[in-house]
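Remember, predicted model here, so these are calculated numbers, not experimental data.
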Amino acid sequence: MIFSEKSKFLFLVFGRAIQAATSLFALHLTTNLLGQEELGKVYYILSIQAFFALFLINPVGQYFNRKTNYWFQNKVVFSAYVKQSKYILYITFFSIVFLYFLRDIWNISLENRTIALISLLIASQSINQTIIPLFNMLNYRGYFVVLTILTSVLSVILSLIFVKTINNTAFSWLLGIVAGNFILLVISSVMFRKKIIGGSTESDNNLEFKWNKKDILRFSLPISVATLGMWFVNSGYRILVEKHYGLEYLSYIGVGIAIASQIFALAESLITQYFLPILYKNVEGAKSDKRVCHINSYLNKVIPIYFSLGIFFTFSIKAFLPFLVGKQYYGVIEVAIYGIWIEFSRVTTNALSIICQIENNTKLFPIPFFKGSAFTIVGVSFIKIGVDHFTNLLLISAAIVLVSMFFLMKKIISFNFPIRNIICVLFATIPSVLFFRLIDIEANFSVDHFFYCGLGGIIYLSGLSFFWWYFIYSAEQSY
């Protein structure tokens, strides 16, 4: 059984590594193929798409994830997926009407084809990210890993084809993302129906399945309000950047933060997609003291890993930069370092926020995000903070959200913050930091430099493995 779980975890790591490599390759392509203004448009369009995805779709999606195992046991999970997909399509239609309204009333610069593209991004990515994680939630990790990789790889291939055959614009690149997601969501839906539930209606309950709208509203509304603030802190600020500083600066800051975002997105997705289903399964029906134990175990694993990534890449990101972006963006090193700690704050905030979902207490969940959003809006729109200090503003905003979330979750349950494990993982990370500090060679795009970065990465992963087996695995076995 231990070997089986270990094999699943390693397969998940392998899959996520390929997906991360694909995402970083996509970043490298966009910084070489698209001009600064077009790349700025990519980040601008994605920030608008993220508004609808986070504010209106993600909260219901979290309820969907929370209930997946229950629905699967009652043989109505595919019916729930169909209803969730219909809801996403309703939101897609609403986004079209809403964006046309904003354009006409507030004179926002959005072409008809851009509005169409945003709506297609909402539908394709949101439905894709509903069906594929279902495989993982139900412990079919092989299907999940393969379909996730195919989505990433096909999207990048189609984007590259569209850019080369149509034109070098944000529209062509994002159209490839839409096409790749649509193709894989169709394949995934067919596979789920045939492989997981046997190709027929799940049961007679299928005809009677209905959303518990009051339960969904009670669970999702506070999260929805919170994700409005979350959206602004994580990507909505790009709209202010475009307005006050222009598309070229948006591309510059967008690339710097995107580097950190890709790194932490890999870590967060790997951790949550492996450990979160286990956590949800363990807390289902458990008493309060047992839930606290499982939450502490989860936090003891994830937060130290996030911290070690922050330390490692703070001192090594300069070396990795030539493999991540085009030459014209080598100057984003300072923004990338700020981005690392902005992203650390984000993923740690997300880890803590799991508590309110487990305890079904989401009423105060929005407060930390609105504090952070208010700080950013005041800094940009009223204090008129300059370009040179904008990354400071974002980092302080992210820290405000994190600290506020910490104290809010402390009010819900008395969890333990993993200070001991953070100190231990810091010592485990020091050898890799010393490697990059003491052997500091000029960063360039070459085979020799690739092996240099690879050796530093191996030293880091060795230290992290030592920490994991001696301070996490051994501790849980003795427990």
Side-chain angles (χ1 to χ4, degrees), residues 1-2 5 9 58-59 61-70 73 136-137 139 215 218-223 226-227 230 267-308 344-369 371 399-426 467-479:
M1 182 66 180
I2 293 175
E5 287 302 314
F9 180 71
N58 178 265
Q62 290 190 40
Y63 177 86
F64 184 90
N65 291 339
R66 186 73 174 83
K67 293 288 186 178
T68 293
N69 281 294
Y70 172 79
Q73 291 168 7
N136 182 58
M137 292 295 291
N139 210 28
D215 194 32
R218 183 169 57 252
F219 179 92
S220 302
L221 186 58
I223 297 176
T227 52
M230 189 187 301
E268 185 180 35
S269 63
L270 178 62
I271 286 169
T272 56
Q273 287 161 8
Y274 185 81
F275 292 110
L276 208 52
I278 297 172
L279 176 62
Y280 281 148
K281 184 178 180 181
N282 288 338
V283 299
E284 187 71 43
K287 293 182 180 179
S288 178
D289 58 335
K290 289 293 185 182
R291 292 200 304 273
V292 172
C293 287
H294 290 304
I295 289 169
N296 283 335
S297 175
Y298 179 75
L299 297 179
N300 275 330
K301 296 183 182 79
V302 304
I303 294 178
I305 293 175
Y306 293 152
F307 181 75
S308 73
F344 166 77
S345 299
R346 179 187 67 80
V347 295
T348 305
T349 298
N350 290 346
L352 293 173
S353 69
I354 293 296
I355 293 170
C356 70
Q357 296 177 37
I358 289 173
E359 296 299 306
N360 202 23
N361 185 353
T362 56
K363 292 180 181 179
L364 300 178
F365 181 61
I367 293 175
F369 298 100
K371 288 180 179 179
I400 289 171
V401 176
L402 173 57
V403 173
S404 299
M405 185 64 74
F406 172 82
F407 286 109
L408 179 61
M409 295 303 104
K410 271 288 188 181
K411 291 180 180 179
I412 296 176
I413 66 166
S414 182
F415 66 91
N416 296 323
F417 196 77
I419 295 175
R420 174 182 170 273
N421 281 358
I422 287 175
I423 294 172
C424 292
V425 83
L426 174 61
F467 162 77
W468 180 267
W469 291 111
Y470 284 91
F471 294 99
I472 299 294
Y473 181 77
S474 298
E476 292 200 346
Q477 290 299 307
S478 62
Y479 176 78

Residues Y280 and Q357: side-chain donor-acceptor under 3.5 angstrom: yes
Student check: side-chain heavy atoms of [X] and [Y] closer than 4.5 Å:
| X | Y | value |
| --- | --- | --- |
| L408 | P368 | yes |
| M405 | M409 | yes |
| R346 | E268 | yes |
| I305 | V425 | no |
| V292 | S414 | no |
| F417 | K410 | no |
| I358 | L279 | yes |
| C356 | I412 | yes |

Closest approach of V283 to H294 (non-hydrogen atoms, all atoms of both residues): CG1-CB, 4.1 Å
Provide the closest heavy-atom pair for A351 versus L299 in the form atom of the first, atom of the second, distance. O-CD2, 3.7 Å
Applying ring pair (Phe, Tyr, Trp, His ring centres under 6.0 Å) to Y306 and F344, what does each step give before you reach the verdict? CA-CA 6 Å; Y306 293 152; F344 166 77; 7.3 Å; no
Could you tell me the separation between the [atom1] atom of [X] and the [atom2] atom of [Y], rounded to the nearest 0.5 Å?
| X | Y | atom1 | atom2 | value |
| --- | --- | --- | --- | --- |
| Q62 | S353 | CD | OG | 7.0 Å |
| L402 | T349 | CG | OG1 | 4.0 Å |
| S220 | N58 | OG | CG | 9.0 Å |
| T348 | I303 | OG1 | CD1 | 5.5 Å |
| S345 | I400 | OG | CD1 | 10.5 Å |
| F407 | L352 | CZ | CG | 11.5 Å |

Would you say NZ of K281 has more than 12 non-hydrogen atoms from neighbouring residues, nucleotides or ligands within 6.0 angstrom? no
What verdict does the side chain to side chain donor-acceptor pair (under 3.5 Å) test give for S297 and K301, after you've listed the backbone C-alpha separation in whole Å, the side-chain angles of each residue and the deciding distance to 0.1 Å? CA-CA 7 Å; S297 175; K301 296 183 182 79; 2.8 Å; yes
Look at the side chain of N296 and the backbone N and O of N416, then say whether any donor-acceptor pair between them is shorter than 3.5 Å. yes
Is a side-chain donor or acceptor of N421 paired with a backbone partner of P304 at a separation under 3.5 angstrom? no
Under the 6.0 Å and 45° cation-pi test, does K67 pair with Y70? yes
Would you say the ring centroid of Y298 lies under 6.0 angstrom from that of F275? no
